[in-house]
> 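One structure, pasted below without further comment.
All heavy atoms count here, side chains included; hydrogens, waters and symmetry mates do not. Bear in mind the structure is a predicted one, so any value in this text is a computation, not a measurement.
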Amino acid sequence: MFCWRWVPWLTPGAHFSSVPRAHKLASLQAAVSQMSQTKLRGLLYPSDQLEACLDRSVDKSQFQLFRPCVEDVLEAEKLFCSSPSRKIDYLSSAVRMDHVPNLTQPEVCFIGRSNVGKSSLIKALFSLTPEVEVRVSKTPGHTKKMNFFKVGKAFTIVDMPGYGHRAPKDFVDMVEPYLLARANLVRTFLLVDGSIGVQKADLIALEMCEEVRRPYVMVVTKTDKVPRGVLLTNLLKLQELVKTQTTGCFPQPFLVSSHTFSGVYVLRCFIAHVTANLKLAATSTS
């Protein structure tokens with residue numbers, strides 16, 4: 001004879017501690033079985049939809065330098081899942097170089113203008129571990145310190161203060177020494193708002209990245225918040241800037257949306273690749 005056992009959390013009005021749930025699009029593994037090939041392709045390679053609008057005479061090769069297969073992206077996804085052997089968590093914050101944690105694993109950092117969506121993007125990257133607290137604010141200039149997030153022994157992600165509006169007064173004194181002296185820094189990701197394009201403050205940040213002579217990458221954010229034509233115009237201007245005025249920048253900008261997760265999966269894969277935690281099946285230039 002079967003009998004019902006009383007379970008407190010099934011009782012109306014019962015209270016229980018909630019565990020943060022992962023975003024429904026956090027895992028590509030889950031998304032693969034739920035969407036069409038066309039939609040999946042758009043999530044992985046958002047530039048494809050823009051390329052269709054380009055004239056045949058335009059060189060499109062720069063948009064496809066890093067184009068991992070689905071299997072590589074899924075392999076990289078595993079690194080962003082917390083496990084007993086690879087704990088993912090906020091480590092510490094710092095306002096000066098003598099405050100930064102002493103780490104040896106590869107490190108990548110994210111910099112960008114205030115309100116460019118930097119913390120939102122890092123939150124999306126860590127969406128498979130929603131218990132990791134990445135503070136996101138609607139108020140520009142919320143990030144005032146260098147925030148370090150450790151992914152086990154694999155790598156560290158650093159959320160840098162935003163520049164421009166409401167930036168910390170000592171922004172340059174804080175960020176430039178880090179870019180110059182951090183021995184284990186393998187890549188800097190410079191974020192640009194896709195809805196408004198490159199701003200004067202972005203040009204100054206780009207110049208700083210060039211001066212420190214460390215490899216960096218351009219990331220175009222908020223791609224879901226702008227008409228396709230405007231985004232394409234801003235992207236082509238950025239491409240021309242990278243081609244004519246940079247020497248240390250990776251030629252391919254990464255298009256991302258923290259809301260739709262477009263481009264986020266491939267960006268995870270690129271991070272895994274440049275930190276030497278993933279060998280691509282069909283290797284692209286790094």
> Please confirm whether the backbone N or O of Ala201 pairs with a side-chain atom of Arg113, one donor and one acceptor, at under 3.5 Å?
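Not at all, since once roles are kept as given, no pair shorter than 3.5 Å links the two residues.
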> Spell out, as yes or no, whether a donor-acceptor pair under 3.5 Å connects the side chain of Arg96 to the backbone of Met174.
no
> Do Ser114 and Tyr163 touch side chain to side chain, with heavy atoms closer than 4.5 Å?
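No, side chains not in contact.
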> Filter on side chain to side chain donor-acceptor pair (under 3.5 Å), then keep only pairs touching residues 241-250, sequence neighbours left out; what's left?
Glu210-Thr247
> Under a 4.5 Å cut-off applied to non-hydrogen side-chain atoms, are Leu125 and Ile271 in contact?
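Touching, per the 4.5 Å side-chain cut-off.
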> Can you see which heavy atom on Ser119 is nearest to which on Asp159, and at what distance?
OG-OD2, 2.9 Å
> Indicate if Ile196 and Met218 have the same hydrophobic cluster label, given that clusters are the connected sets of ILVMFWY residues with side-chain heavy-atom separations under 4.5 angstrom.
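No; Met218 is not reachable from Ile196 via cluster members.
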> Would you name the heavy atoms of Met160 and Lys118 that are closest together and state the gap between them?
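Here Met160 and Lys118 meet closest at O-NZ, 2.5 Å.
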> Just by distance, do the side chain of Arg86 and the backbone of Val151 share a donor-acceptor pair under 3.5 Å?
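It does not hold such a pair.
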> For Ser27 and Ala30, indicate whether the former's side chain and the latter's backbone hold a donor-acceptor pair under 3.5 Å.
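The answer is yes, because a donor-acceptor pair under 3.5 Å joins these two groups.
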> Looking at side-chain heavy atoms only, is the closest gap between Leu179 and Glu211 below 4.5 Å?
no
> Under a 4.5 Å cut-off applied to non-hydrogen side-chain atoms, are Asp89 and Phe149 in contact?
no
> Would a hydrophobic clustering, with Ile, Leu, Val, Met, Phe, Trp and Tyr connected at side-chain separations under 4.5 Å, put Met97 with Leu180?
yes
> Would you verify whether the NZ or CZ of Arg67 falls within 45 degrees of the ring axis of Tyr45 while also being under 6.0 Å from that six-membered ring's centre?
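Ring-cation test returns yes.
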> If Ile, Leu, Val, Met, Phe, Trp and Tyr residues are connected whenever their side-chain heavy atoms lie under 4.5 Å apart, and connections chain through other members, are Leu191 and Ile204 in the same group?
no
> Under a plain distance cut-off of 3.5 Å, with no hydrogens placed, do Thr221 and Asp193 share a side-chain donor-acceptor pair?
no
> Would you say the side chain of Val186 lies within less than 4.5 Å of the side chain of Pro215, judging by non-hydrogen atoms?
no
> Rounded to the nearest 0.5 Å, how far apart are OG1 of Thr275 and NE2 of His273?
9.5 Å
> Distance alone, cut at 3.5 Å: any donor-acceptor contact between the side chains of Arg182 and Asn184?
yes
> Applying side-chain hydrogen bond (donor to acceptor under 3.5 Å, both in side chains), run through Arg268 and Ser127 and close with a yes or a no.
CA-CA 11 Å; Arg268 281 180 185 154; Ser127 56; 3.0 Å; yes
> Return the OG to CG distance between Ser92 and Asn147, rounded to the nearest 0.5 Å.
8.5 Å
> For Pro253 and Val220, which heavy atoms make the closest approach, and how far apart are they?
CB-CG2, 4.3 Å
> Could you state the interatomic distance from CD (Glu107) to OG1 (Thr156), rounded to the nearest 0.5 Å?
5.0 Å
> Kindly indicate whether the side chain of Val158, heavy atoms from C-beta on, has any atom under 4.5 Å from the side chain of Phe110.
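Answer no - side chains too far apart.
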> Parallel, tilted or perpendicular, judged at 30° and 60°: which one describes the rings of Phe189 and Phe270?
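Rings of Phe189 and Phe270: perpendicular, as their planes differ by over 60°.
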> Would you give me the side-chain donor-acceptor pairs under 3.5 Å for residues 224-241, sequence neighbours excluded?
unit_1 : atom_1 : unit_2 : atom_2 : d
Asp224 : OD1    : Ser257 : OG     : 2.8
Thr233 : OG1    : Gly229 : O      : 3.0
Asn234 : ND2    : Gly194 : O      : 3.0
Asn234 : ND2    : Val230 : O      : 3.4

> When you group the ILVMFWY residues by side-chain heavy-atom contacts below 4.5 Å and let the links chain together, are Leu65 and Phe254 in the same group?
yes
> Is the shortest heavy-atom distance from the side chain of Leu121 to the side chain of Phe126 under 4.5 Å?
no
> Measure the CG-CD distance between Leu278 and Glu75 for me, rounded to the nearest 0.5 Å.
6.5 Å
> What's the shortest heavy-atom distance between Pro46 and Leu255, and which atoms?
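In this case the closest contact between Pro46 and Leu255 is CG-O, 3.4 Å.
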> Can you tell me how far the NE2 atom of His23 sits from the NZ atom of Lys123, to the nearest 0.5 Å?
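Those atoms lie 10.5 Å apart.
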> Would you call the rings of Phe261 and Tyr265 parallel, tilted or perpendicular, taking 30° and 60° as the class edges?
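Answer is tilted, since the angle falls between 30° and 60°.
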> State, to 0.1 Å, how close Gln64 and Gln252 come at their nearest heavy-atom pair, and which atoms those are.
C-OE1, 3.7 Å
> Within the supplied structure, the quantity of interest is the number of heavy atoms (other residues, nucleotides, ligands) at a distance under 6.0 Å from Gln37 CD; does it exceed 12?
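Check fails, neighbour count at 12 or below.
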> How many angstroms lie between atom CG of Leu280 and atom CD of Glu71, to the nearest 0.5 angstrom?
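Those atoms lie 12.0 Å apart.
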> How close do Leu44 and Val70 get, counting heavy atoms only, and between which atoms?
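Heavy-atom minimum between the residues: CD1-CG2, 3.8 Å.
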> In terms of the angle between their ring planes, are Phe155 and Phe80 parallel, tilted or perpendicular, with boundaries placed at 30° and 60°?
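Plane angle between 30° and 60°, so tilted.
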> Are Ile122 and Ile157 close enough that some pair of their side-chain heavy atoms sits under 4.5 Å apart?
yes
> Do you reckon Met35 sits in the same ILVMFWY cluster as Val256, going by side-chain contacts under 4.5 Å, direct or chained?
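Yes, because Met35 and Val256 connect within a single hydrophobic cluster, where side-chain heavy atoms sit under 4.5 Å apart.
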